[in-house]
Amino acid sequence: MINALRGMKDLTFEESERFVHIVTTAIGISKKYGYSYIETPILEETKLFRRSVGESSDIVGKEMYQFEDKGGNDVCMRPEGTAGVVRAFVQAKLDRRQNEKFKFYYYGPMFRYERPQKGRLREFHQFGCESFGEGSVYEDFTIIQMIGDIFRALGIGYDLQINSLGCPECMPPYRENLINFLNDCKDELCEDCNRRIGTNPIRVLDCKNKTCQSLLADSPKLITSLCDGCESGFEKLVQLLKSENISYEVDTNLVRGLDYYSKTAFEFVSNEIGSQSAIAGGGRYDKLVEFLDGKPTPAVGFALGIERIMELVVMPNIEREGYYIGAMEEGAIDSLFPLASKKRVTDKVTLEYSPKKLKAHLKGADRVNARYCAVVGEDEFKDGTIWVKDLVEKQEFTINKSEF
RNA sequence: GUAGGCGUAGUUCAGUUGGUAGAGCACCUGUUUGUGGCACAGGUUGUCGCGGGUUCGAGCCCCGUCGCCUACCCCA
């Protein structure tokens with residue numbers, strides 16, 4: 001028997017229904033916010049992710065499904081969605097249309113070569129949105145609102161954490177400040193953090209190590225070092241969230257794992273799904289389009305992890321639906337096909353090809369959760385009728401086939 | 001990469017100091033020559049993950065290996 005690869009899952013029955021329900025719900029809501037679908041390749045040139053996600057990130061450093069294709073190209077299965085969408089945006093020269101706004105949603109598989117555990121797979125699926133050309137913090141707020149709408153529609157509770165990561169004006173001085181602070185206590189910081197001082201000092205902030213966390217209590221906070229523009233933008237975001245009664249908490253240690261974020265960063269978390277608690281995350285990335293050779297274009301986006309919210313979704317009740325059609329003797333089977341075709345115009349139909357006793361047909365109808373069980377038995381076959389039972393109302397009747 | 005837990009029927013699991021494998025659910029049949037879900041009765045289902053070792057004898061003990069789960073790291 002050949003099994004799926006480690007960290008890759010098949011979805012069937014209830015699970016695949018949950019999956020589809022999440023995606024269709026998210027699509028419906030993002031369309032109402034003006035987003036349209038973008039499909040981009042799963043395979044991209046490796047350097048796209050090196051440049052966008054960032055060399056210092058773990059994703060690029062050790063988690064990429066990277067290989068050389070038969071043409072000798074260094075390629076990579078996408079570990080996240082934003083980079084490909086931005087590449088597509090630039091390639092289509094949408095960055096030249098500076099006064100226009102573009103909003104795209106996408107969904108599909110992402111790949112990271114990690115050790116699987118609860119809520120973390122090697123192939124997982126994200127639904128995401130990217131909004132280009134709108135630099136206003138109103139858009140940051142609108143996206144957070146939209147995610148809230150999606151979770152509400154799915155019946156999912158969450159906590160919202162927000163932070164500001166600053167901009168090219170205020171981030172570098174803060175970064176220097178932080179490096180100085182970290183160097184002063186580097187002997188007490190863990191091994192990983194010592195490495196991060198050189199590679200990505202900001203990420204020391206969300207180290208899980210307890211000694212590190214206690215040392216960091218006195219560290220300089222970016223939120224109090226923001227430039228005027230970033231600070232007023234963050235205040236505006238907070239004010240909008242308050243006025244719409246969206247509860248949030250400011251987490252000064254919230255650092256997105258990807259290098260391209262600036263200003264607003266947010267994460268939706270759930271405490272019901274184990275240690276991998278982030279169910280959606282995103283933020284603003286005003287510099288990424290130029291990083292990828294486009295004209296400067298502000299942008300903000302998010303992604304939600306479909307597998308992580310699958311076990312949180314409250315599914316609508318499933319009700320009996322459609323028809324189960326069968327016959328009790330071999331000779332009547334052929335006559336069922338026109339009936340099935342007619343009903344399939346409007347209803348779900350399950351057609352049984354083997355003759356069976358009535359009891360077996362009724363059980364078959366239960367099994368496929370049909371509302372009606374329609375059977376041609378010996379008598380019905382003789383006089384051109386069909387017996388139909390409503391399995392919910394428990395009413396039955398025999399009608400001419402032409403009336404079916 | 002590291003650590004812990006677990007691999008027995010389709011599924012969830014039990015299996016005593018080692019003595020040749022069991023239960024619930026599911027499935028099939030019947031009670032009902034044409035009335036489902038409920039009830040009752042009966043029945044089918046196994047490479048005990050794989051390989052080796054110890055033993056008269058291994059699901060159980062030992063060694064190895066593969067797989068799954070959880071956690072660290074990181075993130076959706």
Side-chain angles (χ1 to χ4, degrees), chain A residues 1-9 22 26 53-54 56-64 78-82 107-128 147 158 190-193 195-196 200 203 206-210 212 254-258 261 266-270 273-283 301-310 312 320 324 326-329 355-373 375-381 387-392 394-396 398:
Chain A
M1 184 171 59
I2 298 174
N3 294 313
L5 292 169
R6 173 176 292 164
M8 317 225 163
K9 278 256 167 33
I22 291 164
V53 178
S56 63
S57 71
D58 284 345
I59 292 176
V60 168
K62 55 184 187 192
E63 297 174 358
M64 292 213 292
R78 64 184 182 193
E80 57 94 47
T82 301
Y107 63 94
M110 308 293 162
F111 300 84
R112 293 182 197 174
Y113 197 88
E114 306 175 86
R115 199 75 187 216
Q117 66 185 69
K118 194 173 179 58
R120 194 178 68 190
L121 294 166
R122 287 181 174 181
E123 180 184 20
F124 61 102
H125 296 78
Q126 290 186 334
F127 173 92
I147 302 168
Y158 60 83
C190 72
E191 201 181 316
D192 284 334
C193 285
R195 182 176 46 79
R196 291 188 187 113
N200 194 341
R203 214 118 52 76
D206 67 350
C207 180
K208 304 291 190 297
N209 185 302
K210 278 182 185 150
C212 294
L254 172 63
V255 177
R256 318 259 46 245
L258 294 70
Y261 287 107
F266 57 83
E267 211 162 87
F268 287 72
V269 299
S270 166
I273 52 170
S275 130
Q276 309 303 316
S277 57
I279 53 178
F302 78 95
L304 56 86
I306 298 178
E307 283 85 353
R308 286 194 185 168
I309 62 182
M310 279 196 358
L312 300 171
R320 285 179 174 273
Y324 169 100
M328 295 173 67
E329 49 190 288
K356 286 181 179 173
K357 298 201 297 186
L358 184 62
K359 181 171 176 163
H361 282 310
L362 284 160
K363 282 191 173 182
D366 282 333
R367 189 159 304 163
V368 299
N369 214 30
R371 168 84 191 253
Y372 299 96
C373 181
V375 176
V376 174
E378 195 183 350
D379 301 338
E380 291 84 1
F381 189 39
W387 173 88
V388 179
K389 180 165 185 177
D390 180 334
L391 298 173
V392 175
K394 304 179 199 299
Q395 289 174 345
E396 56 185 272
T398 301

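In what follows, chains carry the letters A, B, and so on, assigned in the order in which the sequence lines appear, proteins first and then strands, with residues in each chain numbered from 1.
Contact annotation for Asp379(A): base contact, defined as any heavy-atom pair under 4.0 Å involving a base atom. Residue Ile279(A) is in sugar-phosphate contact alone, with no base atom involved, counting any heavy-atom pair closer than 4.0 Å across all strands shown. No engagement by Lys356(A) is indicated, since no non-hydrogen atom pair under 4.0 Å with the nucleic acid exists. Residue Glu80(A) is out of contact with every strand shown, counting any heavy-atom pair closer than 4.0 Å. Contact annotation for Glu114(A): base contact, defined as any heavy-atom pair under 4.0 Å involving a base atom. Among the atoms of the strands shown, base atoms are found under 4.0 Å from some heavy atom of Gly119(A). Across all strands shown, Gln395(A) has no heavy atoms under 4.0 Å from either base or sugar-phosphate atoms. Within the 4.0 angstrom heavy-atom criterion, only backbone atoms of the sugar-phosphate kind lie near Ala280(A); the bases stay farther away.
Within the structure, every side-chain polar atom (N or O) of Arg6(A) is placed at least 4.0 Å from both OP1 and OP2 of C66(B). The side chain of Ser275(A) places no N or O atom within less than 4.0 Å of a non-bridging phosphate oxygen (OP1 or OP2) of U70(B). In this structure, Lys357(A) reaches the G30(B) phosphate: one of its side-chain N or O atoms is under 4.0 Å from OP1 or OP2. For C69(B), the OP1/OP2 oxygens have a side-chain nitrogen or oxygen of Lys9(A) closer than 4.0 Å.
Using a 4.5 Å cut-off on side-chain heavy atoms (C-beta onward), Met328(A) and Val375(A) make contact. No side-chain heavy atom of Glu63(A) sits less than 4.5 Å from a side-chain heavy atom of Pro79(A). For the pair Tyr158(A)/Ile147(A), no side-chain contact is recorded, criterion being any heavy-atom separation below 4.5 Å from C-beta on. Side chains of Asp366(A) and Arg320(A) form a contact here, defined as non-hydrogen atoms less than 4.5 Å apart. A 4.5 Å side-chain heavy-atom check between His125(A) and Glu307(A) finds at least one atom pair inside the cut-off. Using a 4.5 Å cut-off on side-chain heavy atoms (C-beta onward), Lys118(A) and Gln276(A) make no contact. Residues Arg308(A) and Ser277(A) are not in side-chain contact: their nearest non-hydrogen atoms beyond the backbone lie 4.5 Å or more apart.
Here the separation of A26(B) from C13(B), taken at their C1' atoms, is 14 Å to the nearest Å. A gap of 15 Å separates the C1' atoms of G46(B) and A23(B), to the nearest Å. Between U12(B) and G7(B), the two C1' atoms lie 14 Å apart (nearest whole Å). Taking atom P on both A21(B) and U31(B), the two are 34 Å apart, rounded to the nearest angstrom. As rounded to the nearest Å, U33(B) and C25(B) have C1' atoms that lie 32 Å from one another. The gap from the P atom of C60(B) to that of A9(B) amounts to 15 Å, rounded to the nearest Å. Across the C1' atoms, A71(B) and G19(B) are found 40 Å apart, a figure rounded to whole Å. With both ends at atom C1', the span from U54(B) to G64(B) equals 15 Å, rounded to whole Å.
Rounded to an integer number of Å, the gap from Leu391(A) CG to U35(B) C1' is 10 Å. In this structure, Lys363(A) atom NZ and U32(B) atom C1' are separated by 12 Å, rounded to whole Å. Taking atom NZ of Lys118(A) as the reference point, atom P of C6(B) lies 19 Å away to the nearest angstrom. Rounded to whole Å, the distance from CD on Glu378(A) to P on U35(B) is 14 Å. Summarising the geometry, the separation between CD on Glu307(A) and C1' on A76(B) is reported as 9 Å, rounded to the nearest angstrom. Taking atom CG on Leu121(A) and atom P on A71(B), their separation rounds to 12 Å, with Å as the unit. In this structure, the CG atom of Leu362(A) is 13 Å from the C1' atom of U32(B), given to the nearest Å. Computed from coordinates, the Glu63(A) CD to C75(B) P distance equals 8 Å when rounded to whole Å.
Under the 6.0 Å distance and 45° angle rule, Arg122(A) does not count as a cation-pi partner of Phe111(A).
Minimum atom distance to the side chain of Arg115(A) is reached by U2(B), of the listed U2(B), G34(B), U32(B). Checking C73(B), G36(B), U35(B) against the side-chain heavy atoms of Lys62(A) singles out C73(B) as nearest. Comparing A71(B), G34(B), C75(B) by their nearest atom to the side chain of Gln276(A) picks out C75(B). Listed nucleotides U35(B), C73(B), U2(B) differ in distance to Arg120(A); the shortest reach to its side chain belongs to C73(B). Looking at the side chain of Leu358(A), the nearest of the listed nucleotides G36(B), U35(B), C73(B) is U35(B). In the set A76(B), C27(B), G36(B), the nucleotide with an atom closest to the side chain of Gln126(A) is A76(B). When the nucleotides A71(B), C28(B), G36(B) are ranked by their closest atom to the side chain of Arg367(A), C28(B) comes out on top.
For the atom pair CG of Leu391(A) and CZ of Arg371(A), the computed distance is 8.5 Å after rounding to the nearest 0.5 Å.
Taking the six-membered ring where tryptophan is involved, the planes of Phe127(A) and Phe302(A) are tilted, since the angle between them lies from 30° to 60°.
The aromatic ring of Phe124(A) stacks onto the base of A76(B), its centre lying under 5.5 Å from the centre of the six-membered base ring with the two planes under 30° apart.
Both key distances under 3.5 Å define a Watson-Crick or G-U pair, and stretches of 3 or more such consecutive pairs in RNA chain B run B:1-7 with B:66-72, B:10-13 with B:22-25, B:27-31 with B:39-43, B:49-53 with B:61-65.
Between Asp366(A) and Ala360(A), the residue anchored nearer the 5' end of RNA chain B, judged by the nucleotide with its closest heavy atom, is Ala360(A). Residue order along RNA chain B, read from the 5' end via each residue's closest nucleotide, puts Arg320(A) first among Asn3(A) and Arg320(A).
Under the side chain to side chain donor-acceptor pair (under 3.5 Å) rule, Tyr324(A) has a single partner from Lys389(A), His361(A), Arg367(A), which is His361(A).
Side-chain atoms of Glu380(A) come within donor-acceptor range of the base of G34(B), with a qualifying N/O pair under 3.5 Å. You'll find a donor-acceptor pair under 3.5 Å spanning the side chain of Lys389(A) and the base of U35(B), going by distance alone.
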